[in-house]
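Predicted, not measured: the structure shown is a model, and the values here were computed from it. The analysis underlying the following values was restricted to heavy atoms, covering all of them including side chains, and did not include hydrogens, waters or symmetry mates. Chain identifiers are assigned alphabetically (A, B, ...) following the order of the sequence lines, protein sequences preceding nucleic acid strands; residue numbering begins at 1 within each chain.
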Amino acid sequence: MVLASLRLNLFFLMLAGLLAAAPLYAQPYYLELASTALVAAMFALSLQLLVGGAGLVSLAHAAFFGLGAYAVPLMTRFLGAPPSILVTLTAAGMLAGGAALGVGALALRTRGFFFLMSTLAFGQLFYFVFHDSPLGGGSDGLFIQRPVFGVGSLVFQVSRADRPAVLLALNLGLLALMYAGLHALMRTLFGRALLGIKANEHRMAATGHDVRALKLAAFALAGLLAGVAGHMAAVTDAFVNPDLLGWHRSASALLMVLLGGIGTLYGPILGAFAFTALAEASQSITERQGLVEGVVVLAVVLALPRGLAGLGRR
Amino acid sequence: MTLVLEAVRLSRRFGGVRAVSDVSLALHRGTLHAVIGPNGAGKSTLVNLLSGELAPDAGSILVDGIDVTGWANWRLARAGIGRSFQRTNVMAGMTVLENVRLAAQAVLVPGRRLLRPAAREAAPLRAARAALLRVGLEEVADLVAATLSHGQQRLLEIALALAVQPRVLLLDEPLAGMGAEESERLAALLRDLARDHAVLLIEHDMDVVFSVADSVTVMVDGRVLERGAPDWIRDSVAVRDAYLGHDV
């Protein structure tokens, strides 16, 4: 996996600045759309740690995303009133990361196709827990109260008019943090070892690397980050439903990774934005938006084997 | 001549085939022990048993007197067993230096330091450079492994085995597919490696085997047929009948 140069990262920082200033020039609708894209980008980025980082393709990733989302209503119910966003965010990360640790400990006993299938099974397990039990409103989902923006007595009252701008800033900040953190992580000995596993797992084991422990750590961390993304999805939309955990959502995150390029860390962010824009555009043209999306994704993947991130580097 | 690795009556079968049957072996620091035998004699299986790629059905393996039977390959690597593979098995898309640095990393850096930037951890880099220097690949350190010539990739195999700071080196046909001049240079390297390691060499090139080995084991059908000094093995009637007669 290629990491962005300092220059490219400064360019991304500039784009982030432009996006942060969006409330000055864009309609609230587009601010909400940008938040949707940012949440998708966080989710795709967390998946990239597995796919581009360690060569693991998982269909359970949405389960951790959904667990992070359901952490918001579950914590509110548990505490009796909407808690601080720091509380729900921590709970989401721990719930999703803990679940990923458990799933990974079992699923990582298998490899390749069998790993893919066991993650599908575990992911759907979580999906049906929320789909078929009253735990989170069942199959209809649940409108939720947003957590409080603040800690203790320091609380920001966010008016309805300001909310899209505040959520945009929050999502953008978290995505930037996540990107910077993973960028640094991939340069550590741990990150390099993951790339080695992706390149040749067998040889890495033969040279003394505890491959399963390394993969499990990556799987749990990716799950935790997916939980953070899911938490922000719930906070942004004030709504959760079981589809958040379904394997379809894992598959579309994989599409975003593929669309953006598996060879770079930033590729999935581009992919998530492109995917969100594509969905929006096709929705305005036709009712059969899945068809338009499919054709475009297919065309991009065929024409750009390294995804959108490969555009600049031929 | 300290005893480093000892295998006692190892056996492993695949279905009805006894790939390795009742094989005992002792490897000493400072010596090179060669294992020869026709294809299918169980030589590679023996290396796979000693390096933890496979678990034996029976028998035991001791490193420095400690029973390591059944340990996984990564634990044995950390215990000082380095190996090369018969078919080149490297991180093809990475640079030569990163390949060897990764190989050195697991053994040299404790787990609690895994979150430090790789560029700031000097020990694996130093070990990687030293391994590359020893096999003569220092000049291609920054090339991508897949772009190396076949001979260079065989040397990279050995560098990867060396990078784990092993006391035992298990080399599975390191000369496979090499030209005459390359073979000669590699034979010199093998002698050099045997000075400070216990080396087990599997090789088909008899000229090289008889020139570098201190002792030779001949395997046929998973069993040890003969064992002794190279000259004695060369003159053994049983070995000649079973193996050398057909090949040489």
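- At a 4.5 Å heavy-atom cutoff, the contact between B:Glu157 and chain A is made by backbone and side-chain atoms alike.
- Residues of residues 90-124 of chain B that come closer than 4.5 Å to chain A, counting heavy atoms only, are B:Val90, B:Met91, B:Met94, B:Glu98, B:Arg101, B:Leu102, B:Ala103, B:Gln105, B:Ala106, B:Val107, B:Val109, B:Arg113, B:Leu114, B:Leu115, B:Arg116, B:Pro117, B:Ala118, B:Glu121, ordered by residue number.
- Sequence neighbours left out, the pairs with a member in residues 52-81 of chain B that pass salt bridge (Lys or Arg N to Asp or Glu O under 4.0 Å) are B:Asp64-B:Arg167.
- Proximity to chain B at a heavy-atom threshold of 4.5 Å picks out A:Ala199, A:Asn200, A:His202, A:Arg203, A:Met204, A:Ala205, A:Ala206, A:Thr207, A:Gly208, A:His209, A:Asp210 from residues 199-210 of chain A, in numerical order.
- Using a 4.5 Å cut-off between heavy atoms, A:Arg187 contacts chain B through its backbone alone, with no side-chain atom that close.
- The local environment of CD1 in A:Ile262 is sparse, with at most 12 non-hydrogen atoms from other residues, nucleotides or ligands closer than 6.0 Å.
- The neighbour count for A:Phe11 CZ, taken as heavy atoms of other residues, nucleotides or ligands under 6.0 Å away, does not exceed 12.
- Atom CZ of A:Arg109 sits in a sparse spot, with 12 or fewer heavy atoms from other residues, nucleotides or ligands closer than 6.0 Å.
- Residue contact with chain B, scored on non-hydrogen atoms closer than 4.5 Å, involves the backbone and the side chain of A:Leu195 alike.
- Counting non-hydrogen atoms of other residues, nucleotides and ligands closer than 6.0 Å to CZ of B:Arg191 gives a total above 12.
- In this structure, the side chain to side chain contact (heavy atoms under 4.5 Å, CB included) partners of B:His150, at least two apart in sequence or on a different chain, are B:Arg154.
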